[in-house]
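A quick write-up on the structure given underneath.
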Amino acid sequence: MTDQHLWWQKGIIYQIYPRSFQDSNNDGIGDLAGIRQRLDYLQWLGVDAVWLSPIYPSPMADFGYDISNYIDIDPLFGTLADFDALIADVHGRGMKLVLDFVPNHTSDAHPWFTESRASRDNDKANWYIWRDPAPDGGPPNNWLSSFGGSGWEYDAQRGQYFYHAFLKEQPDLNWRNPAVQQAMLEVMRFWLDRGVDGFRVDVIWHLIKDEDFRANPPNPQYNESMGEQNMTLTTYTTDRPEVHQVIGKMRQLLDEYDERMMVGEIYLPVEKLVTYYGTGGDGVNLPFNFQLIALPWKAEEIRAAVDHYETALPPFGWPNWVLGNHDNHRILTRIGKHQARVAAMLLLTLRGTPTMYYGDEIGMHDIDVPPELVQDPFEKKQPGKGLGRDPERSPMQWSDEANAGFSGAAPWLPVAPDYPSTNVAGEAAKRNSLLGLYRALLALRREQPALAIGSYRGFSTPDGVLGFLREQDNARLLVLLNFTANDIPVPHHNLISGKVLLSSFLDRKGEQVDQAFALRAHEGVIIEVAF
Ligand code: GLC
């Protein structure tokens, strides 16, 4: 492609949850050497960049999202030498490596916090968010933890409360403090100098909290099934205007280097989300767009959301799409195995950088986790509400061997019972498998600039079908996706002519199309339109 687009615009990001990808030392937990062994697979699949969930030293209260040292590797995952070997191999294959960066909070075991809690007048005293108790001795205000319960924890040593947006083992850093900003920018620099190509920045919209500690308003939509963390809105704890200033500093640092990027974890409505590109593009390169996770799986809803997003994007804002991640139920569990194929085609034909979640490409589903095997602190805090995230974090299914080829020991979370039939080895050998479809889509996206960088235009279709055009130079592709279990004839239109490049069933390639198209139930198709 001779165009100006950067790797993170043209490419496909693949998220690895390192605990669950490949264990190399038989302790039941995945590791860096394991990921290295599986790079052949990722290259064969055709992804461009790999994002690793946190691999830093951590007490693992939130499985690595509680970091006690930002510039080392947890022994469970390996060493810095293993990391260097991994990044060299990733780059050697022409791929990129993106690390998770968790700036909002540290672990309570981080030396910064140990020092900060020791007294009110030490060097790090103001590195976290400390407040005096309310007059009745209770928490300073009504701010909640995203896992439920108060966001404030009393520390007897200091005689004050500290704020934690997540677990009490994850105290929030005070990003209003320039020394904190400096220290965290140095962390980014450490990894950039080591060669990482970018960061996925954890809960970036949380970084700054209200200076006046105003109470959050009650959530008018709240009901118990939503989880107690939703009792209030997060008006004064997230998406504060000043957050854009600190993001700008991160971005400036990234721009000192060549083609590095950040993708920000942001759960906000589209109008708010797009402000994270920054003024004139000095913000997050890719504010994660989670609409396909949140929306009902209906052609009409998704069409409206895509059109709305396309319109809301600033001229310098590159779009992106996500079907799943380690915090949400797997796509297959949400929409079923037939529609999972349509979802794959949607993700890989929309305009914008796609992010895939490991295992979705072979049709992994949520596992059932019996209470005695629960790991996730969210589930432990609010059991039985379906909030737990263990179900979508089960070990990657590589083969029909013991433990799905993930480990020689019992894995930290159970392997899905269907692994003998749902696994990489089996599906790689079967041409019309879901894995075969993902691979064909990834190859097509690489071959067809219209898919990677072309424009997007809606195409009107019957109910239940989503249609759009992707156009670039002299290429025009028409995508038609049947979201229903019925055959649907797409009526006469002169743009429906040319030939089929790919059907989600992998059985119609090359078929000539003349003015109309009969979509089978659950079928998606990409047609090369003849001019
Ligand atoms: C993000 C992570 C999630 C973690 C939380 C706290 O939402 O994706 O897994 O629990 O931040 O760090």
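In listed order, ligands and their atoms are each counted from 1.
Stacking of Arg19 on the aromatic ring of Phe63 is not recorded, the 6.0 Å distance cut-off and the 45° axial limit not both being met. By the 6.0 Å and 45° rule, Arg120 does not stack over the aromatic ring of Tyr128. Arg351 forms a cation-pi arrangement with Trp318, by the criterion of a distance under 6.0 Å to the ring centre and an angle within 45° of the ring axis.
Listed by chain and residue number, Ile367, Leu373 satisfy the side chain to side chain contact (heavy atoms under 4.5 Å, CB included) test with Pro414 (two or more places apart in sequence, or in another chain). For Glu115, there are no side-chain hydrogen bond (donor to acceptor under 3.5 Å, both in side chains) partners two or more places apart in sequence or in a different chain. Taking Lys124 as the reference, nothing meets the side-chain hydrogen bond (donor to acceptor under 3.5 Å, both in side chains) condition, with sequence neighbours excluded.
Sorted by chain then number, the residues whose non-hydrogen atoms approach ligand 1 to under 4.0 Å are Asp62, Tyr65, His105, Phe147, Phe166, Gln170, Arg200, Asp202, Val203, Glu265, His326, Asp327, Arg389, Arg393.
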